[in-house]
Amino acid sequence: MTDVFDTIDAEPLDREAERILRLNDRGGYTVPTEGLYPYQWNWDSAFAGLGFAAFDIDRAWTEIETLFSGQWGNGMVPHILFHRVDAGYFPGPDVWGTEDALGRGACKVPSSGISQPPVVASLAWRIYLADPTAGHDRLAALFPKLLAYHRWIMAARAESGAVAITHPWEAGRDNAPDWDEAMAGIDPVGVAPYTRRDTGHVDPRMRPTQADYDRYIWLVQFARERRWDEAAIAAESPFRVADPTMTFTALRSTRDLRLAAELLGAGTDEIDGWIARLEDGAAMLWNPETGAYDARNLRTGNFAGSVSNASFLSWWAGLEDRRPLETLRRVMTGARYVLPSHDLSAVSFDHLRYWRGPVWAIMNYMAASGMAEQGLTAEGARIRADTVRLIVENGFAEYFSPSDGTPAGGATFTWTAAVWLAWASPSRGEA
Ligand code: GLC
């Protein structure tokens, strides 16, 4: 570990991180941050649960249980649950129009029509490990719901073996260069007039462009016109991209689900089948030209040519493959703070613009934990030390510039605080 761990006093930052989770608690669920994101988001909530597990185990489980109150009849767990409508966010439930969606079943919580990286089984497993006595029955009650979610992922998104997204928001990396080719293939005609709300909360230089937004809304309308029918969307949408974030988080979560199945005495054959398929799918994402795992446009077969922080989640996914190391080391040498969400040497790199450059604490947590588990100790330690420095120097921001550490996006951010409490804080000891 670098000396940053010897010189900082973790205690006040631990208290501040706890304060942020309480501040963003809306009663049973946590918003990512006040104003910019006033609802419950899928993977944000899973991380919030992990953060709560450091000081309030009951609240941690409640977070996950509230997320699953929005699970659709077909198993899908939506990317946003609109528990209480808030005019400060666009697009709201009226735009998504999922009330009569096929697959929705009896679910009563208004929601979006897409999902997000399925980290929840992995993080629920960690919440269980934080206090097995308190967690056993909660995990047992959640297990069939997790299983249904993964069954849906495999049926609705994993036709190539890798997990595909139907919308950039589904990857949780909204404007990543990974989707540029597929997004350029969309002509956003017929988008109903709308007003963005995000740029009223945050500097537009830190957000997606207008061209991106028109296509985001066009894709929502496209799916809505098909009543969110997965089969029709898969057959007809111009946008279907196999994504390393989805694939690697799904693979890791499936392995963690298997641990839960063993603990609970449930069968593992179906889960083993998923692991084998996802491993095959991950192999398809290896891009020999960039020397990294990459997104792949399923409509053209083309790689995106993007070296991102998602590229380095392969170790978190449990792949022992050492081929990405050379590229990882090059990226780490070039950035002042790692892991950048996009390669600093790429022309499309932009140090403040969301997923086209900035560092995200949640991605650092997963990437570094995977590396540490697989003996890449120095790389994991550097990522953790940089995460600590970013937070100590700049606060619990949504994301940070890899070039100079500038805090960007929303402040007092739930998942940044959660990752601090669960992993980065020096009070957690050696990870
Ligand atoms: C942005 C991020 C996404 C996150 C959401 C709420 O859309 O790209 O990953 O879940 O904000 O924090």
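Sequential numbering from 1 along the given sequence is applied to the chain's residues. One-based numbering, in listed order, for ligands and for the atoms of each. This structure is a prediction, so every number in the text was calculated from the model and none was measured.
- Defined by atom type and a distance below 3.5 Å, a donor-acceptor pair is missing between the side-chain atoms of Asp321 and Ser314.
- Minimum heavy-atom separation, Val338 to Val359: O-CG1, 3.6 Å.
- The aromatic rings of His79 and Trp169 lie parallel to each other, their planes meeting at an angle below 30°, with 60° marking the opposite boundary.
- Ring pair Phe52/Phe55 is tilted by interplanar angle, where 30° to 60° counts as tilted.
- Side chains of Thr387 and Asn364: a donor-acceptor N/O pair is present below 3.5 angstrom, by distance only.
- Enumerated by chain and number, the residues approaching ligand 1 to less than 4.0 Å through a heavy atom are Pro32, Tyr37, Trp41, Trp43, Asp44, Gln116, Gly172, Asp174, Tyr354, Trp355, Phe413, Trp415.
- Defined by atom type and a distance below 3.5 Å, a donor-acceptor pair is missing between the side-chain atoms of Tyr354 and Asp212.
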